A.B. asks: 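Before I ask anything, here is the structure I am working with.
Just so you know, residue 1 is the first one in the sequence shown, and it goes up from there. First listed ligand is number 1; within each ligand, the first listed atom is number 1. These figures come from a predicted structure and were not determined experimentally.
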Amino acid sequence: MPKKEGYSAEQIQVLEGLEPVRKRPGMYIGSTDTRGLHHCVYEIVDNSIDEAMAGHCDTIIVTLHDDGSVSVEDNGRGIPIDIHPKKKLPALEIVLTTLHAGGKFGGDESGYKVSGGLHGVGSSVVNALSTKLRAEVYRDGKIHHQEYKIGKTQYPLKTEGKTEKNGTKIQFWPDGEIFDTLEFSMTTLMTRFRQQAYLTRGITIAVLDERKERPTDDKVHPRLYRFSFEGGIAAYVRHLNESKETIGKPIWFEKDTDDGMVEVGLQYSQSFQENVISFANNIHTMEGGHHLTGFKAALTRTINAYARSQGLLKEKDDNLTADDVREGLTAVVSVRLKEPQFEGQTKGKLGNAEMKTAVETVVNEKLAEYLEEHPNEAKEIVGKCHLAARARLAARAARDSVIRKGALEGMTLPGKLADCSSRDPAECELYIVEGDSAGGSAKQARKRDFQAILPLRGKILNVEQARLDKMLANNEIKSLIIALGVGIGEIKDVEKLRYHRIVIMTDADVDGAHIRTLLLTLFFRYFPELIDAGFLYIAQPPLYKIAKGKDVRYAYTDEQKEEVLKEWGVATDVEEEEEEGEEEEGEKEKKKSPRVSLQRYKGLGEMNPEQLWETTMDPEVRTMLRVTMDDAEAADATFTTLMGSEVAPRRKFIQTHAKSVKNLDV
Ligand code: 0RA
């Protein structure tokens, strides 16, 4: 940890004015969209977190004011206000009105600011991009304040009033001429502050939303939120594993080394996902770096050594691979060091090579210790890794067999596939349909020149707890992959894709939702390029058919159904028929008009081919949802819940989402 005692006005590097910041804001805060706007808050909060990490502050309060401003108050020592001998200005004013060399997102590596580094470097950038900024410093029983407009000082530092407090409060009004939007998101801020509170044990970060008009997303949150985690990183790991069936309690250790602090939390679960996240000086290193490399190396080495020493891995067995030992692992690796180097495209990669050895040494030692002291958990962990290794071999075998079949190309197109006649992928569509009876309807309904139908048996449902590699061995899935024509694994060739529209068409019930999820998972894991290219769709069959004489309407949502019934003057609380049939309306006024019938489709099989065509398959009128990769991270969490071995959260998820396919966006 850098020493901060005795730091005063003379030590602050004075470099240049703030003009460049307004000229090229993106260089300093990344962008001027909503991300850049939120970045300003992080810049200010990071300085308070530095003060907390130095041990001088334990509470940070962030307030979203109704006038569009944000304030950040901490109970630290207060930004120094003594006068700089050469510049003859208070340190506070220098910190807020002068720019440190280089931009955070610019080319100058040396200018990269880190939490835990020099105080206040980013505040001047925020000041330059604000129509107004007010700083208050509580020190020595007095209140000191100063205001700025687009970074320009409005009056000399003023000392007035008494206070018992110590600390700093910065309030700023972001400039609408710079930012595309001035709307802060409580949801976004909370995610960031939760993460930072986990990483800094003992700190409390509170967010207070005082806005009268709140964005829709934010209305779900209480107006005051406090993040404070005594458990630190261990609590973070517990939080990440909340819906999973875990092995033992989170493992946690920290050690101060010559090269910096190393802190690690980890826990295995029965899921197949890996979730390892790393930080350097509280900054999320998205692209990893040497600290993460050290962690992975130590994990592989230590678990193999333990497994061998206990005879859990026989002499003839190969070592577990790095991938094997990370399956089902959730871990947080956090390091703090004096001079962090951030590299890579988004500066999200730690470049300090010494951190590999530092983390590796600590993890080797502490993890070995843990395994020795917790033989039951250790055994379960090794068993889990072993399973991953076996699955890896099985998956390879399954893939090979798929590839072998695929290699025969057109010859082996599955018998169940009703292919289209066109050979131009750009105009060809493949409907993946649940069940043979719906498949039959779809085959009759389709336009055979460009629409192909592949019925999948409900059988794939049985793989509900199975792994994807088992799915690949499944005949239904093999048929699908062969029909797509692209192969899989190393032999994948997306150019060979036979259809540029792949449409998942399943029933609007729980089983349908389940099959759809399995298929989405398959595409997400094995054919992400097809999702990226926008080739994957979800069909939208109607939920209801409502008829009055010759007038037939289809409703795709409950709201639409209500609308039609209202239009036709039918009481909306009318009971739906269980089975298809006519419904007699009791009310007198309706006697003269034809009877209204309401049919609820439980499955695609209930629709006759014409209905299926005119509601779901006719390109002229149908709507389909295009599956996107937009939120791959969120999707992965969805899949974890759905594919995980714990049944309860999965069932809950399917029940709540069975009808709202939109929430399943991949
Ligand atoms: C440098 C020295 C001292 C405090 C700080 C910086 C400081 C900066 C910020 C930014 C936000 N909150 C802050 N709190 C403290 C201490 C100087 C001293 O008392 O010797």
Side-chain angles (χ1 to χ4, degrees), residues 1-15 18 28-29 39-63 69-85 87 89-100 104 113-130 133-148 151 153 157 159 163-172 189 192-193 196-197 199-200 202-207 281-283 336 338:
M1 194 73 38
K3 269 221 165 52
K4 292 190 191 84
E5 257 69 38
Y7 171 114
S8 67
E10 337 169 31
Q11 279 152 289
I12 294 163
Q13 268 180 286
V14 180
L15 285 139
L18 294 173
Y28 298 88
I29 52 161
H39 202 98
C40 291
V41 184
Y42 307 156
E43 285 290 344
I44 303 294
V45 171
D46 280 354
N47 295 320
S48 296
I49 289 183
D50 279 352
E51 185 69 356
M53 273 161 47
H56 300 290
C57 141
D58 64 9
T59 306
I60 302 170
I61 303 169
V62 181
T63 307
S69 68
V70 182
S71 64
V72 177
E73 178 169 347
D74 67 48
N75 62 347
R77 293 165 296 175
I79 300 181
I81 46 161
D82 52 335
I83 306 292
H84 189 277
K87 277 226 147 196
L89 288 173
L92 172 79
E93 185 169 354
I94 297 172
V95 162
L96 283 166
T97 57
T98 50
L99 191 59
H100 191 268
K104 188 163 185 169
K113 183 221 161 221
V114 283
S115 201
L118 189 67
H119 277 70
V121 165
S123 333
S124 62
V125 170
V126 178
N127 195 11
L129 303 178
S130 299
L133 184 144
R134 178 180 169 89
E136 283 184 17
V137 172
Y138 316 114
R139 272 180 85 110
D140 315 316
K142 298 190 196 91
I143 301 173
H144 315 268
H145 62 89
Q146 189 163 45
E147 291 185 7
Y148 318 84
T153 307
L157 183 73
T159 301
T163 180
E164 310 252 280
K165 296 198 280 195
N166 278 307
T168 307
K169 177 168 149 186
I170 306 279
Q171 181 168 12
F172 67 97
L189 294 172
R192 167 89 177 201
F193 299 149
Q196 294 196 305
L199 291 173
T200 319
I203 199 178
T204 297
I205 307 182
V207 206
N281 292 18
N282 267 17
I283 291 167
R336 302 194 200 285
K338 283 204 188 85

A.B. asks: Any chance you could measure Glu51, atom CD, to Asp58, atom CG, to the nearest 0.5 Å?
C.D. replies: 11.0 Å

A.B. asks: Show, in sequence, the C-alpha distance, side-chain angles and deciding distance for Asp82 and Arg139, and conclude whether the salt bridge (Lys or Arg N to Asp or Glu O under 4.0 Å) test is met.
C.D. replies: CA-CA 11 Å; Asp82 52 335; Arg139 272 180 85 110; over 6 Å; no

A.B. asks: Minimum distance, heavy atoms only, to atom 4 (C) of ligand 1: which one of Gly78, Ala91, Gly122, Ala135 is it?
C.D. replies: Gly78

A.B. asks: Looking at ligand 1, does any of its N/O atoms fall within less than 3.5 Å of an N/O of Asn47?
C.D. replies: no

A.B. asks: Does any non-hydrogen side-chain atom of Met53 lie less than 4.5 Å from one of Thr200?
C.D. replies: yes

A.B. asks: Main chain of Ile79, side chain of Thr168: is a donor-acceptor contact present, judged purely on distance under 3.5 Å?
C.D. replies: yes

A.B. asks: What are the atoms of ligand 1, with element, lying closer than 4.0 Å to any heavy atom of Pro80?
C.D. replies: 1 (C), 2 (C), 3 (C), 4 (C), 5 (C), 6 (C), 17 (C)

A.B. asks: What pair of heavy atoms forms the shortest contact from Ser48 to Ile60, and how long is it?
C.D. replies: CB-CD1, 3.6 Å

A.B. asks: Taking both backbone and side-chain atoms of Arg139, is any N or O found less than 3.5 Å from an N or O belonging to ligand 1?
C.D. replies: yes

A.B. asks: Please list, in number order, the atoms of ligand 1 under 4.0 Å from a heavy atom of Thr168.
C.D. replies: 12 (N), 13 (C), 14 (N)

